[in-house]
Structures are given as structure tokens and as C-alpha cells.
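Order of appearance sets the numbers: ligands from 1, and atoms from 1 within every ligand.
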Amino acid sequence: MTIQSVQSWPILDSRGNWTIAVELTLSGGARAQAQVPAGASTGKHEAVALPAAQAAANVNGEIAQALIGRDATSLPAIDQLLIDLDGTQDKSRLGANALLGVSCALARALSVAAGQELWQTLRDIFRPSRPASLPRPMINIISGGLHAGANIEFQDFLVIPNRAATVREFLETTVSIHRAVGRALREKGYVLTGVADEGGWGPLLPSNETAMDVLSSELDGRADIAIDVASSHFYDNQGNYQLKREGVVTNAAGITDLLASWTERYPLVSVEDALAEDDWEGWRNLTQRLDSRLQLVGDDFFTTNLARVRKGIETGCANAVLVKMNQIGTLSETFAVLEAAHKAGYRCVVSARSGETEDSFLADLATASGAGQIKIGSITRSERLAKYNRLLEIERSDQLAMAGPVTGGRG
Ligand code: PGA
Ligand code: ZN
């Protein structure tokens, strides 16, 4: 079976920015598409996405030329060919978005050719060390930072429906909490202007802690809390974290103290990017102090980059990895990060971007890898629901276990 054609064209993402779709056809006639997402609070160490028109032109030109007629059966071999063809460390010549679109379209075309579900094909190709399972989600309820007009600094206030036993149950719980929080925000007189980039509420609040207060007051024991501080975006590169809304400037130790106090007052179990992307010393201290109480997730800190994840493991930084395919650019490299994290006892959260498409690929990726957790935004906006609804579909047709509850701290 060989690759017969590869084509790409620009499409719009959920923010109305241009991204790309890729369609790939195999010699047996199997054909499939993939769409590529884009971030707003991007990490400095992410692979480079080129402008959509340029990325599409690279797929239609140089990449198509290199791939047409090639044996399609080994996705890792094709990924390696793409990496070598690009030739740069950060994929800036052909574009990480161009490479990822091809990698995902090929995976899907192989699943069509095999008459399998996408998650089964991914599992068979990459054979992760954990069995496939339905991921437990962390779901955005209140948004801040770059996703909500910098209303407050911390980017995501999410719920983990830890008591739910099925996808349907966790969605029901979350819809109910999302509505209750919207009602509570309105009753307290906070200005609500629709929903933010990932479908959570983006209210004008006096402080980050107010978001914790409102969210925790509507949980009723049904869920625990996760947050994404996304702190690189209010860090001045000289040791200061600027909480402008409250008129406070703090440092790594101050953020660590704040989080420690929140673990005592709220059902907080997971914190992402508590500290800035290159604050290795701060991360080490944070991990020493809170490793047993919190899941400490690196997003911009790790950027799904194997070298950074290995350095984090060796130096005792964080205890979980946020996994975003487009931060690195191919499925093979994404699975390498998942494997390395699992082997070191670090947990994984497969994640979408704030600029998403209606592609549901992530639901299959999270299931296939047995990652255990998924983060795809809120329960409004169809680019988010495409993934939740795909999880419902997988749950309905396949006998898969749901990953267990997310506890604070390692283990
Ligand atoms: P991004 O945000 O896609 O804008 O980077 C998502 C996140 O920070 O987790
Ligand atoms: Zn993040």
C-alpha cells in the first residue's frame, strides 16, 4: 500500500484564523482528512507553525513530491521522513502544522484502509505501555488570561468530574456545574460577555481567587478543581509575576505559597504551568513542596518536547505532562513523549489548543494511548463538542474502561 496523493488547503479555526486541512489517499482507495489546531498562549519552545497558505503550499509541493509512491504502512517511517525533509530542530522550514496535518491524515487513512476505529489503529502502531482507556477530562468553566481578554491572569479554572463513571455522566455533571456557575456569576453582578475562546465563562472578576470562590461554591461535591495558571504570560523574565488585576507583584515562592494555601481551602487537585516556562529553579522548589498534594502539569514548560520532558524528570520538576501534538509536529514524537512520561511515573493530559477545529482526532489519541486524562475546553462551542461527542461514540461502541479519578499529588 502506497501514498497516492496528499493535498492541503487553508480552512478557518474556531477564532476565525486560518489553519490547514490535509487530505491523503492511499493506493487501495482509502482516503481521510485531518485538521490542525493553533494556540494563543503558545510556549517559546514549541515547534513553529507557518502561516496557513505557506504550510498548505509546502504540503502540496515538496512534501507531496517526497511522499507520493512511498510505502504507507509504517507511520513512524513516514514521520521520520518528514522530520528529515524539514531538517530543522523546530520544524520552521516546512512548518510543524504542515507535518502534523500529514501525520494525522495518514493515521486516519490507515484506519480507514484497515476498517478499524482510529484509536485502534493508533494503539496498534504505537503500542503504548498502558492499555487503551477512556480519558477522564478536566473541563473549562471559567476562563482568564489570553483566552478572555486578560480579565484576570490565571487562564483556566476547570472541573474534574472525579465521581463520574462514564463519559455521559461526566458531561452531565459538567453541564450542570457550567450553568450553575453562569447563574452565580450573574447573581453576583459580574459582567458576562458570552463565552471565552474555549467555551468557559470569561467574567470580569476582581481577582483570581474570586474565580476559585465562585467555582468551588457550585460544585456540591460532584467534582474537583484543576487550574491552568499559564504563568509565562504574566512573567517579566526577571523573577516577577504580575497580577495586574489585583495590583500585586509576586515571585515563584509567592505563587507556590498561594497554591499551597489553595490546596487547604479548595478541592484543588491539579495545577498547570504554575511557573514560567524557563524558571527551572522555581519549578524544582514548587515540586519539592507540593508534589504530594498536587498534580503539577507542564505545558509551556515542556512543550511536548522529549528533551525538555527528560530534563524535567532528571531534575525533579513537575509530575505530569500536557501533551499537545502541534507543539512538536508528528504523531511519533507525541507518542515518544507519552511513553517517556509513563515510564517515569509522570501522568499525561492530552490537550487541545485554544484555536481548534471540528476534527475529533484527540479523543482517539487520548483513548489509544491510555493517557488517562484529556483537556479540550468547555461544554459549549462545537469545536470542543466534536471531541466530547466522539468520546461518547467510542464509549458506546467499544468496551473500554474509564480512567480512574485524578488525585492531587503523585501516585
Ligand atoms: P493555547 O492554550 O492553546 O492558547 O496555548 C491552551 C493551554 O494553555 O493549555
Ligand atoms: Zn496551558
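- Each of Arg390, Arg396, Arg123 was scored for a salt bridge (Lys or Arg N to Asp or Glu O under 4.0 Å) with Glu117, with one residue passing: Arg390.
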Start with the C-alpha distance between Gln35 and Ile11, add both sets of side-chain angles, then the distance that settles side-chain contact (heavy atoms from CB on, under 4.5 Å), and finish with yes or no. CA-CA 8 Å; Gln35 302 174 334; Ile11 57 167; 3.7 Å; yes
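- Ring-plane geometry between Phe301 and Trp280 is classed as tilted, the angle between the planes lying from 30 to 60 degrees on a 0 to 90 degree scale.
- The aromatic rings of Tyr235 and Tyr241 lie tilted to each other, with the angle between the two planes from 30° to 60°.
- Around the Zn ion (ligand 2), the protein atoms of type N, O or S found under 2.8 Å away are Asp228 OD2, Glu272 OE2, Asp299 OD2, listed by chain and number.
- The number of heavy atoms from other shown groups lying within 6.0 Å of CZ (Arg163) is above 12.
- Annotation: Glu281, atom CD; neighbour count of heavy atoms from other residues, nucleotides and ligands within 6.0 Å does not exceed 12.
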Short N or O separations between ligand 1 and the protein, below 3.5 Å:
| residue | atom | partner | partner atom | Å |
| --- | --- | --- | --- | --- |
| ligand 1 | 2 (O) | Ser41 | OG | 3.2 |
| ligand 1 | 2 (O) | His147 | NE2 | 3.3 |
| ligand 1 | 3 (O) | Arg353 | NE | 2.9 |
| ligand 1 | 3 (O) | Ser354 | N | 2.8 |
| ligand 1 | 3 (O) | Ser354 | OG | 3.3 |
| ligand 1 | 4 (O) | Ala40 | N | 2.7 |
| ligand 1 | 4 (O) | Ser41 | N | 2.8 |
| ligand 1 | 4 (O) | Ser41 | OG | 3.2 |
| ligand 1 | 4 (O) | His147 | NE2 | 2.8 |
| ligand 1 | 4 (O) | Ser354 | OG | 2.6 |
| ligand 1 | 5 (O) | Ser41 | O | 3.0 |
| ligand 1 | 5 (O) | Ser41 | OG | 3.1 |
| ligand 1 | 5 (O) | Lys324 | NZ | 3.4 |
| ligand 1 | 5 (O) | Arg353 | NH2 | 2.8 |
| ligand 1 | 8 (O) | Ser41 | OG | 3.4 |
| ligand 1 | 8 (O) | Gln155 | NE2 | 2.8 |
| ligand 1 | 8 (O) | Asp228 | OD2 | 3.1 |
| ligand 1 | 8 (O) | Asp299 | OD2 | 3.1 |
| ligand 1 | 9 (O) | Asp228 | OD2 | 3.2 |
| ligand 1 | 9 (O) | Glu272 | OE2 | 3.2 |
| ligand 1 | 9 (O) | Asp299 | OD2 | 3.2 |
| ligand 1 | 9 (O) | Lys324 | NZ | 3.3 |
| ligand 1 | 9 (O) | Lys375 | NZ | 2.8 |

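- By the 6.0 Å contact criterion, CZ on Arg179 is open, its count of non-hydrogen atoms from other residues, nucleotides or ligands being 12 or less.
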Evaluate the criterion side-chain contact (heavy atoms from CB on, under 4.5 Å) for residue pair Trp262 and Leu259; output intermediate values, then yes/no. CA-CA 5 Å; Trp262 281 6; Leu259 295 173; 4.2 Å; yes
Using side-chain contact (heavy atoms from CB on, under 4.5 Å), reason through Glu272 and Lys375 one step at a time and then give a plain yes or no. CA-CA 11 Å; Glu272 178 180 334; Lys375 180 189 179 207; 3.0 Å; yes
